[in-house]
Amino acid sequence: MASYDEPLAAVTREILQVFCGVDGDAATPRARSESVDGGYRVILSFAGALTGDLVVECSTGFASAATAQTMGTSPDALTDAEMLDVLQEFVNIAAGNLKAVFPRPTTLGLPRPAHLAEPSPADLVAACAFEVNGEPIRVSLFHNQAAA
Amino acid sequence: MKILVVDDSKAMRMIVIRTIRQAGAADHLIVEAENGKQGLDTVMAGGIDLVLSDWNMPEMTGIEFLRALRAAGKFVRFGFVTSESTPEMRQMAQQAGAMFLIAKPFTAENFTELFARLGA
């Protein structure tokens with residue numbers, strides 16, 4: 001299988017910068033094995049020549065700051081739905097860009113909260129993690145080998 | 001000019017609208033729809049000059065929306081603002097009658113160039 005670590009990290013950095021307004025230097029790499037507890041998880045499944053899931057997980061602080069920045073509102077006035085909306089768009093943009101390096105044909109699904117579908121850690125093929133002002137975000141790519 | 005922004009993400013609609021304003025197109029009237037079906041109803045009601053639509057949406061996708069418009073004889077200017085921009089999708093969009101495809105994440109410069117090209 002192709003290595004997706006580099007394109008995954010590149011597109012994540014680009015989304016942080018362009019979509020979330022994070023300066024290039026403000027996103028510092030973090031060990032991808034470190035867990036992100038107590039925040040938000042969103043998932044986008046894809047199927048076809050490559051079947052699996054892309055998962056974005058982050059702390060509540062990251063979700064709040066990113067949502068306030070992208071929507072141009074105060075962090076105090078945000079709802080859960082707004083934070084999930086922004087994170088779902090984050091995973092949607094990441095998956096859409098990664099599709100260019102996926103084997104063809106691969107079809108993307110719609111993003112959704114991840115509490116119902118937990119990919120197996122054994123299926124992890126690529127991941128990247130960053131910290132922005134002390135708030136973690138991790139993006140992980142899973143290949144569902146059972147469906148292959 | 002009256003612009004219709006179609007995206008199932010409220011956040012993305014806000015970002016697109018803000019970016020249109022940043023691109024210097026502050027005088028345009030902008031209306032929103034949450035999916036292709038709502039977008040189709042809005043265009044059919046009349047008065048829309050330009051459609052900026054996401055591709056991957058529930059209810060009715062962007063490409064289904066565009067094809068439905070053309071089938072109904074509506075030739076409003078139409079472009080995609082989408083996270084997927086493979087050559088196959090660009091070709092499919094063009095064949096269906098789209099004028100352009102802007103890939104997410106985009107910048108204000110992408111919209112400045114677009115409006116210059118459209119003469120708006």
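Just so it is clear: chains get the letters A, B, ... in the order the sequence lines come, proteins before strands, and each one is counted from 1.
Using modelled atom types, one finds a donor on one side chain and an acceptor on the other under 3.5 Å when comparing Ser9(B) with Asp85(A). With no hydrogens or angles considered, a side-chain donor-acceptor pair links Thr107(B) and Glu109(B) at under 3.5 Å. Side-chain contact of Thr67(A) with Glu82(A): a donor-acceptor pair under 3.5 Å is absent, judged by distance alone. Between the side chains of Ser35(A) and Arg138(A), not a single donor N or O lies within less than 3.5 Å of an accepting N or O.
The part of Pro87(B) that comes within reach of chain A is its side chain, from C-beta onward, which places non-hydrogen atoms under 4.5 angstrom from that chain. Within the 4.5 angstrom heavy-atom criterion, no atom of Leu98(A) approaches chain B. Heavy atoms closer than 4.5 Å to chain A are found in the side chain of Met89(B), but not in its backbone.
Most heavy-atom pairs under 4.5 Å with chain B, from the set Ala94(A), Gly96(A), Ala100(A): that is Gly96(A). Of the listed residues (Ile15(B), Thr86(B), Asp8(B)), the one with the most heavy-atom contacts under 4.5 Å to chain A is Ile15(B). Contact count against chain B (heavy-atom pairs under 4.5 Å) is highest for Asn97(A) among Val86(A), Val11(A), Asn97(A).
Comment: Glu32(B) engages Arg13(B) in a salt bridge, judged by a side-chain N to carboxylate O separation of less than 4.0 angstrom.
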